[in-house]
Amino acid sequence: MADLIQPRTLKGFRDYLPQLMIPREHLLEQARRVYRSYGFAPIDTPALEYTEILLGKGGEESDKQLYRFTDHGGRDVALRFDLTVPFARFAAEHMGQLGTPFKRYHMGPVWRGENTQRGRFREFWQCDFDTIGTTANAADIEVVLVIHDLFQALGIDRFTIHVNNRLILNGLLEELDLAGKTKEMLIALDKLPKIGRDGVSAVMSEKANVTLQQAERLLNLAEMQGTNVEILARLGQEFGGNAKAAEGIHRLEELVSTVKAAGVPEDKVKLDLSIARGLDYYTGAVYETFLTDLPKIGSVCSGGRYDNLAKLFTKQELPGVGASLGLDRLLAAMEELNLLQSVATPAPVFVVQFDAQYLGKYQKMARTLRAAGIGVEVYPDAKKVGQQLQFAEKRGFKIALIAGPDEFAQGVWKIKDLAKREEASIPANDVLAVLSGKL
RNA sequence: GUGGGUGUAGCUCAGUUGGUUAGAGCGUCAGACUGUGGAUCUGAAUGUCGCCGGUUCGAGUCCGGUCACCCACCCCA
């Protein structure tokens, strides 16, 4: 009569049932395939790190979100809240064996103790890819290509990659003698859509003693709208005077033209001077990817360039650029947009157990097909055929194989297309070939 | 972390001004159908009304707390 423990999960932590886990694994497979196709190599790092490793990179906000505790040995430890900082530690620790440039991808769970919302969890997977050891714009450009190919591989066409370059803002701030106020300016500009020009202006003057004239120039930058070509032209006119800004503009120009030349549709990339990204370590290109049909869920793939990722851990300069796919946010978005197939089985072929006495024959056929790479499930009970077929369809099997005394006497199997409800008798030796053609 | 909203069977919801054994549809399971599944019919199971406590003769219905989810702020994937 012991009291039952209530089965439950923590806030922001979720279970994944097969209907969700099957597409989730599919996303992982596609991400892995695309990353590898560009030459990114896999790495992994521990979920738990010394707290000092994780602290002090992205400001107080991310510090507050750390799951932090003292382990059994009295060590101050924390769960990683992204894959970038652990990578910085990793790179600093192993640079000698890695060599540069080094391209890696890393997929795994991260933890953030912040408030939950739609598409915002406390445990979620990121799929990062980064190139370190080079400042070449080619690497910045490649990030866009990877993101594009990734979403294409996932069968998502309605998305836009928003691109900006912090050099432009930094250059302008430098020119306005506000280089020390970068963070305040970013935060203020970020509020533009909500509080408007005058509001931002007011915040700037209050938080950073910015004059109206200075604010005007910053706002002119942040509010810039138009096609990529128009924006680039106006940027050159208005801000090209500063060396840093000019460099940023040049990099964006090159990015836009190269991506286009590489065959990526123009409308997939949008220059957006309003995206700044809160993370302090970005210094050049920044990227955010939005789904056309669900922009409110936030960016599903973001990243940028950082001058010196590993400076906390090594004196060696380690510039890099990369981005992170928010696997679980994307999955939540796809679920909401009905982009997920509801399949509850990873195997396409179902073998009806017509009669228990033939179990050996059923399993032999199943093994033959499995050896050819086809997933096959044999039903465990010799229930009525109708029930088994109903089960098979509900689970999402594509093909059912049926054989009883009559079939075995004739040396054939019935192959049934569960969706079309058509069946045909096929000689036992041809089953593999016929199935291969159908799947 | 702050503010607002929601919380009744697996799912979508109904439950009159607090009043006897808490309902529907869908779904699930069994049977009609001992070699063939989306139809029909018959029957069945399932809820500590999120959880804890309070007010009351009596609470799903009121109050407080708590947990979870949703929305906004903040930040971000």
Side-chain angles (χ1 to χ4, degrees), chain A residues 3-15 17 19 27 31 58-65 80-84 107-128 147 183 186-187 190-191 194-195 275-280 282 286-291 294 296-304 322-333 336 350 352-355 358 379 382-395 397 399-409 414-423 425:
Chain A
D3 285 337
L4 293 176
I5 297 165
Q6 185 190 356
R8 55 179 184 159
T9 56
L10 287 162
K11 177 187 179 74
F13 291 72
R14 319 200 296 163
D15 288 328
L17 273 60
Q19 285 86 339
L27 296 187
E60 293 154 23
E61 269 307 318
S62 40
D63 293 356
K64 278 194 293 188
Q65 295 176 2
R80 65 186 179 206
F81 69 94
D82 72 4
L83 298 176
T84 306
M107 311 197 294
V110 301
W111 296 268
R112 295 183 189 176
E114 66 178 334
N115 236 344
T116 57
Q117 234 174 76
R118 177 175 56 164
R120 273 175 97 156
F121 312 106
R122 289 185 168 175
E123 177 183 63
F124 59 95
W125 273 54
Q126 291 194 323
C127 305
D128 276 35
I147 295 175
K183 187 163 186 183
L186 284 175
I187 291 171
D190 197 46
K191 291 179 178 163
K194 282 161 205 155
I195 62 179
I275 69 161
R277 319 246 332 113
L279 294 176
D280 291 347
Y282 290 122
V286 283
Y287 316 88
E288 291 196 342
T289 309
F290 292 96
L291 299 178
L294 200 57
K296 286 200 75 179
I297 206 164
S299 172
V300 289
C301 188
S302 311
S324 177
L325 172 70
L327 184 81
D328 291 301
R329 175 174 291 183
L330 177 61
L331 193 69
E336 191 164 335
F350 180 88
V352 172
Q353 187 180 155
F354 189 92
D355 188 323
Y358 301 119
Y379 198 74
K383 283 195 187 174
K384 284 191 285 192
V385 174
Q387 288 181 327
Q388 295 191 45
L389 291 174
Q390 207 164 37
F391 169 87
E393 188 186 28
K394 207 163 292 170
R395 278 293 162 92
F397 287 94
I399 302 286
L401 293 180
I402 307 167
D406 297 351
E407 285 75 15
F408 287 125
K414 283 199 169 141
I415 296 185
K416 182 151 192 150
D417 184 314
L418 286 164
K420 293 180 187 164
R421 305 198 158 209
E422 295 167 353
E423 70 178 16
S425 289

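Residue numbering restarts at 1 for every chain, and letters A, B, ... go by the order of the sequence lines.
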| Given B:U34, B:C69, B:A77, which nucleotide is nearest the side-chain atoms of A:T116? | B:C69
| task | Could you give the distance separating B:U8 and B:G23 at their C1' atoms, to the nearest angstrom? | result | 10 Å
| said: Is the phosphate of B:C69 approached by A:K11 (side-chain N or O, under 4.0 Å from OP1 or OP2)? | reply: yes
| note | Against the side chain of A:R118, the closest entry in B:U28, B:C70, B:G38 is B:C70
| note | A:S299 has its side chain closest, among B:C71, B:G37, B:A77, to B:A77
| OP1 or OP2 of B:C75 less than 4.0 angstrom from a side-chain nitrogen or oxygen of A:R112, does that happen here? | no
| Any A:K414 side-chain nitrogen or oxygen under 4.0 Å from OP1 or OP2 of B:G37 | no
| At under 4.0 Å between heavy atoms, what does A:A332 touch on the DNA or RNA strands: base, sugar-phosphate, or nothing? | nothing
| Donor-acceptor pair present, A:E423 side chain and B:G37 base, under 3.5 Å | no
| said: From C-beta outward on A:L389, which listed nucleotide comes closest to its side chain: B:G37, B:A77, B:C33? | reply: B:G37
| request: Convert the base pairs of RNA chain B into dot-bracket notation, remembering that pairs crossing earlier ones are written with [ ] and that bases paired across to another strand are shown as |; include only Watson-Crick or G-U pairs under 3.5 Å. | output: (((((((..((((.....[...)))).(((((.......))))).....(((((..]....))))))))))))....
| field | Given B:G35, B:U2, B:C75, the nucleotide with the shortest approach to the side chain of A:N115 | value | B:U2
| task | Classify the ring geometry between A:F391 and A:Y379 as parallel (under 30°), tilted (30 to 60°) or perpendicular (over 60°). | result | perpendicular
| remark: To the nearest angstrom, the CH2-C1' distance between A:W111 and B:C75 comes to 20 Å
| query | Which one, B:U36, B:C73, B:C69, comes nearest to the side chain of A:Q117? | reply | B:C73
| B:C75, B:G38, B:G1: which one has an atom nearest the side-chain heavy atoms of A:Q65? | B:C75
| Side-chain donor/acceptor contact of A:R329 with base of B:C76 under 3.5 Å | yes
| B:A72 to B:G60 separation - P atoms, rounded to the nearest Å | 34 Å
| B:G31 OP1/OP2 closer than 4.0 Å to side-chain N/O of A:Q387 | yes
| note | A:F397 atom CZ is separated from B:G38 atom C1', nearest whole Å, by 18 Å
| salt bridge (charged side-chain N to carboxylate O under 4.0 Å, His left out) with A:R120: which residues, sequence neighbours excluded? | A:E114
| request: Would you please confirm or rule out a distance under 4.0 Å between OP1 or OP2 of B:G37 and any side-chain N or O of A:K383? | output: no
| query | How far does the C1' atom of B:C75 sit from the matching atom of B:U2, given to the nearest Å? | reply | 13 Å
| message | Please enumerate all residues that pass side-chain contact (heavy atoms from CB on, under 4.5 Å) together with A:R118, with sequence neighbours excluded. | response | A:L294, A:K296, A:I297, A:E336
| message | Working note: A:E407 + A:K414, criterion salt bridge (charged side-chain N to carboxylate O under 4.0 Å, His left out); need CA distance, chi angles, decisive distance, verdict. | response | CA-CA 8 Å; A:E407 285 75 15; A:K414 283 199 169 141; 3.4 Å; yes
| Passes salt bridge (charged side-chain N to carboxylate O under 4.0 Å, His left out), A:E123 versus A:K11? Steps please. | CA-CA 9 Å; A:E123 177 183 63; A:K11 177 187 179 74; over 6 Å; no
| Nearest-angstrom distance from the residue atom CD1 of A:I415 to P of B:G35 | 22 Å
| Within this structure, what is the CD-to-P distance between A:E407 and B:U36, rounded to whole angstrom? | 12 Å
| request: Write down the distance between CG (A:L17) and P (B:C11), rounded to a whole number of angstrom. | output: 11 Å
